[in-house]
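To start, the structure under review is shown below, and the notes come after it.
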Amino acid sequence: MDNTFLTLFLFLLLSFLHRPISASKFHKINQLNTDLLSQPTSSHHTSPSPTKYFEVTKPIKLPKTKPFSYNVLHHDFGSTYGKSPVLANYTPPFNCPSKKFSKIVLEWKATCKGRQFDRIFGVWLGGVELLRSCTAEPRPTGIVWRVEKDITRYSSILLSSPQNQTLAVYLGNIVDKTYTGVYHVDITIHFYPSHHDTKKFNSLAFGSGFHADLILPISRNLPLNDGLWFQIQNSTDVALKEFTVPQNAYRAVLEVYVSFHENDEFWYSNPPNEYLAVNNLTDIPGNGPFREVVVTLDEKVVGSVWPFTVIYTGGVNPLLWRPITGIGSFDLPSYDIEITPFLGTLLDGKPHLLGFSVKNALNVWFIDANLHIWLDAESSRTEGQLLNHIDKPLAQSLVYDFNGLNGTFLTRAKKSILSSGWVRSSFGNITTSLVQDFDYNNSMVMGKNGDKQTVNQLIFFNNRVQVKLPSSILDLVDDTYRKFSIYLDTDEIEKDIDGYLLVTNVSLGFDEEKYKSEDSGFSNSFLNNVQDGQGTMVVKNNLVVSGVGETQQSYKYSSNENCYFRKVGCSNYTILYDEVKNSCNKRSNSRFGLNFIRKLPVML
Ligand SMILES: *[C@@H]1O[C@H](CO)[C@@H](O)[C@H](O)[C@H]1NC(C)=O
Ligand SMILES: *[C@@H]1O[C@H](CO)[C@@H](O)[C@H](O)[C@H]1NC(C)=O
Ligand SMILES: *[C@@H]1O[C@H](CO)[C@@H](O)[C@H](O)[C@H]1NC(C)=O
Ligand SMILES: *[C@@H]1O[C@H](CO)[C@@H](O)[C@H](O)[C@H]1NC(C)=O
Ligand SMILES: *[C@@H]1O[C@H](CO)[C@@H](O)[C@H](O)[C@H]1NC(C)=O
Ligand SMILES: *[C@@H]1O[C@H](CO)[C@@H](O)[C@H](O)[C@H]1NC(C)=O
Ligand SMILES: *[C@@H]1O[C@H](CO)[C@@H](O)[C@H](O)[C@H]1NC(C)=O
Ligand SMILES: *[C@@H]1O[C@H](CO)[C@@H](O)[C@H](O)[C@H]1NC(C)=O
């Protein structure tokens, strides 16, 4: 997606299309948009209302107070590619009579009409990323969509006074005769006052609800003719950012934002280089299907991200994502890495370096981060030391068997990272440890001389933070298990000089279990979010000219506090069924039979 060269490339492609395409060329999925329903709407008819697109997710739990709402930006994103981000002055909500807010929600609302690619975009405040997202692809009759994101964790930058901040939005769009869609965007921030004006007290921040006192942007500085993200071009490319931490910090968490584009947009389906070399496929992105985002601090690996396979709204078959968009596509997940064990090395008042790289990367990955820092209100200096750091080397294997363009490939990877360290503050001497365990399998089968590809990928991830308090026999534990799955089957049924017919089946899964023990007690939550899609499409000159997409989604969330279930299905732009349930079924308030629990939180 988002390729300036793409438009240019299309023209080149068109001129190449006059030569016959070789009958056996590996079919690689790419991003597309559609030319369906392009008949002009006559003025005699009432123009149809715009289609409302949405991502299925649980609603944000809001307090019953009346929000103070503030429209921060209105902009029409036309020809914005490679230009400076759109900027707006942001003033904290001084006019609001209330000063304490228990919830802050960012609302992105956009409309668009015509034909356009899916565009990645980012929203930053003072260089701190608030939202990474992808636009919906428009229809000639118009679309509208809304993204609501709980941004309460960014309170310190949203409410910091008296300093004003700059809000920056980068959405690189290209408008021409073919790609006519202009994105009309409004960003509003809703501040929900707390029920009670709670006094801020010096309380340890490992419980939930205590947001960082300071957030340092680990992104590129304005002015820029691009997004504030770093761009990782290949497997040796490293993005570095210098930062300095206040000397009374006692906790630090790095929140990493990641998105993948162009040659790595569908990284999980990239064939191994061995296959490409033998078959002389020089124009197919390779490096195999494994990627790892590695985060370093002063050249030590502090953690990794094995990302969820977000499919953008133009991906695989764009008709699958209308109006139900792909999991995570309107609100890309960010990934937290506890770096408190390393804090001792950062308290010297000197600049330090965070680094980002991507194993096996092809161009291009957009990465940046927010460093959340908690400060000790009772002291001007804290101290600490790293006690233990083990970065186990990545265990990787590739087993393959292929004959020409047919073949099977099994890629496996495994890795663990461990760190522990103590920090002494007015709360006492606290030891924090982080363990990250990753496990990855990808099976790829190519058939019909490369016209058919089936990918099955699974990522297991356990992130466990344990905090030893000086006074308590109970450790605080924050244990998260994630399972990211993707099944993708693409079958090119027919092919001629200027197009092809592609049948695609996709299944995307995002499962998460969280266990937390903190001062206030024990909490848990379970999420099982699965999307299945079946689509056919005829693609001519890189445009989908006919086809149909069907998508079914099942979203099941339950926690010790609340539940949310939704089952929704659509076909050819129409919702077929939509069942929502908010109440918890006591019996089902347990695991969804996810088979990846290998250990439970240890209470001692
Ligand atoms: C912040 O912005 C507001 C409104 O634009 C302005 O009145 C105020 O003077 C600004 N404050 C600072 C410190 O720049
Ligand atoms: C990797 O990307 C960097 C940054 O664009 C570039 O300087 C370097 O030459 C590239 N390395 C390779 C091996 O292509
Ligand atoms: C690949 O190219 C080499 C050298 O041009 C040639 O010998 C070989 O037959 C080609 N292989 C295929 C599968 O086309
Ligand atoms: C804090 O605790 C750790 C681990 O128990 C210990 O090694 C360290 O010396 C202690 N630091 C201070 C300043 O007491
Ligand atoms: C990968 O496959 C191996 C062997 O079948 C299995 O033991 C492991 O649990 C699998 N891991 C994942 C993440 O699927
Ligand atoms: C590849 O598989 C197809 C059937 O899917 C078969 O017709 C073709 O002959 C195979 N090609 C090779 C080189 O084995
Ligand atoms: C694709 O989905 C259709 C409809 O559910 C099903 O009949 C077909 O077997 C699926 N094909 C593959 C290869 O998964
Ligand atoms: C999809 O819906 C449109 C009108 O809403 C209709 O013209 C078209 O035939 C439908 N396509 C399929 C494959 O059902």
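A quick note: this is a predicted structure, and the numbers were derived from the prediction, not measured. Counting convention: from 1, in listed order, for ligands and their atoms alike.
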Sequence neighbours excluded, which residues qualify as side chain to side chain contact (heavy atoms under 4.5 Å, CB included) partners of V86? L73, H75, F77
Partners passing side chain to side chain contact (heavy atoms under 4.5 Å, CB included) against S420 (at least two apart in sequence or in another chain): L387, N388, S433
Per-atom contacts, ligand 2 versus Q233 - under 4.0 Å to a heavy atom: 2 (O), 5 (O)
Hey, which residues fall under 4.0 Å of ligand 6 on heavy atoms? N403, N406, K448, N449
Going by heavy atoms, is E383 under 4.0 Å from ligand 4? yes
Side chain, backbone, both or neither: which applies to Q385 and ligand 4 if a contact is any heavy-atom pair less than 4.0 Å apart? neither
Can you check side chain to side chain donor-acceptor pair (under 3.5 Å) on N363 and N234, steps first, answer last? CA-CA 6 Å; N363 64 315; N234 55 49; over 6 Å; no
In chain order, what residues pass the salt bridge (Lys or Arg N to Asp or Glu O under 4.0 Å) check against E274, with sequence neighbours excluded? none
For ligand 4, which atoms, with element, lie under 4.0 Å from some heavy atom of R424? 12 (C), 13 (C)
Between ligand 2 and N234, is the shortest N or O to N or O distance under 3.5 Å? yes
Does some side-chain heavy atom of P307 sit less than 4.5 Å from a side-chain heavy atom of F260? yes
Less than 4.0 angstrom from a charged side-chain N to a carboxylate O is my criterion; do [X] and [Y] meet it?
{"X": "R132", "Y": "D368", "answer": "yes"}
{"X": "R464", "Y": "D478", "answer": "no"}
{"X": "E292", "Y": "K415", "answer": "yes"}

